[in-house]
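Heads up: the structure comes next, in structure tokens.
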Amino acid sequence: MTSTDPQGAGPASPTAEASRAPLRAAIVGAGVAGASCAGTLAAAGWDVEVFDKARGAGGRLSTRRTDHGWATLGTPFISAKREPFRSQLREWTRQGWVAPVRGTIWQGRATISWAEAQLQNHYRPTIEPSQLVRQLLGQARLHTKSRVAALQPRTLVMENGDLKGDYDCVICSVPSPQAIPMLDALPLLRERVSGVRYRPIWSFLMRWEGGPAADVIKFDDHLLNLAVRQPTNGPGVWSVYSSHEFAETYLEASVEEASTRAASALMGLLGLPWPVEVEASHLWRYARPHSEVGGFWVGDRENRVALIGDGIAGVGVERAWESGMRLAQALVQARDELLI
Ligand SMILES: Cc1cc2nc3c(=O)[nH]c(=O)nc-3n(C[C@H](O)[C@H](O)[C@H](O)COP(=O)(O)OP(=O)(O)OC[C@H]3O[C@@H](n4cnc5c(N)ncnc54)[C@H](O)[C@@H]3O)c2cc1C
């Protein structure tokens, strides 16, 4: 296809044509970091493709469908310590997608309100958390069930050996230990994230009768950490989160063994009789980083590859979101350099 310049004075120069073509980005990982990066770039006119190995967007904000609705085995709460994420949460509240957490916490055998627990700045999704992430993607194109095996300059190598290339920028937004095996061709980046460690969490959907009449149970225990009542699943369905120590002990255990151990610990802590029904479980091998690189992203300018996510910026939805958004803003500003 040939194009002419706007004055009709003949064919456009290659440089002028390049400056009009949308820049192309490939992003690996459709968690909150990858999605905020993708949506920000797409809103600035970039052609953005996002590849995720899972069946949908969300990452650690993904949800589980149940007979009664949806439930989360990942992030239960979203909090904002500062701008610009505070504004983002206000906007999501206005849209009816999140709401400030209300209700009561059972902690140390007493029930207190969220206000007393000084957790006023916590929000809960009122739509499926994965849908929140889907919204962040905006006009970016999402490819699900698309596992990336390696990154090369401007190029993705897919698990089946296919090459997807000629991107102006490749961005990797997965937990750092999962990024490292993809970075053989990019030793500078591999070196930057080699020290990042994550800790695991087992989470369970459990149902039981009785127990504290609260919305959240905070355990003071070395096996279990938290239980959060699931609002859309009728009475008595809870997401129960293990401690890191529990998950490290049962890292290679079967689902049955981890579920039985957690259910038994729960009954002991709440003093309830059997049975506890375990409806679903998930091991988050890379649940939360306990060290990070620092800053919002790390980049290999020459090869046009950057890394984002909570392994770079620090744990939590806020840091992950900001990591993606800040990189996208920097890329949009650097547009002229990228065209060289
Ligand atoms: C149980 C649990 C509870 C938590 N509680 C809270 C909380 O209360 N508050 C809070 O702020 N934070 C919480 N967090 C942390 C928070 O969820 C994360 O910090 C944040 O969601 C990280 O987002 P991310 O985009 O960096 O990574 P992720 O959400 O992990 O996204 C990475 C994506 O990359 C994809 N991927 C990985 N490898 C490949 C590959 N090779 N090819 C293609 N795709 C790939 C994955 O499928 C995933 O979708 C919790 C986390 C867990 C697990």
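Indexing begins at 1, ligand by ligand and atom by atom, following the structure's order.
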Enumerated ligand 1 atoms positioned under 4.0 Å from heavy atoms of [X]:
X	result
Ala320	22 (C), 23 (O), 26 (O)
Asp310	18 (C), 19 (O), 22 (C), 26 (O)
Gly29	33 (C), 34 (O), 35 (C)

Heavy-atom contacts under 4.0 Å between [X] and ligand 1: side chain, backbone, both, or neither?
X	answer
Gln178	side chain
Tyr286	neither
Met182	side chain
Ser146	backbone
Ile308	neither

[X] N/O to ligand 1 N/O under 3.5 Å:
X	value
Ile78	no
Gly309	no
Ser79	no
Gly316	yes
Ser203	no
Ala33	yes
Trp284	no

Parallel, tilted or perpendicular, as decided by the 30° and 60° cut-offs, for the rings of Phe51 and His143: parallel
Parallel, tilted or perpendicular: rings of Trp202 and Phe204 (30°, 60°): parallel
Any Leu61 heavy atom less than 4.0 Å to ligand 1: no
Ligand 1 contacted by Glu159 (non-hydrogen, < 4.0 Å): no
Nearest option to atom 17 (O) of ligand 1, as decided by whichever heavy atom of Asp52, Val174, Val148, Thr75 sits closest: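 Shortest heavy-atom distance from atom 17 (O) of ligand 1: Thr75.
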Distance-only polar pair, side chains of Ser79 and Glu318, donor-acceptor under 3.5 Å: no
Donor-acceptor pair between Trp321 and Gln88 side chains, under 3.5 angstrom: yes
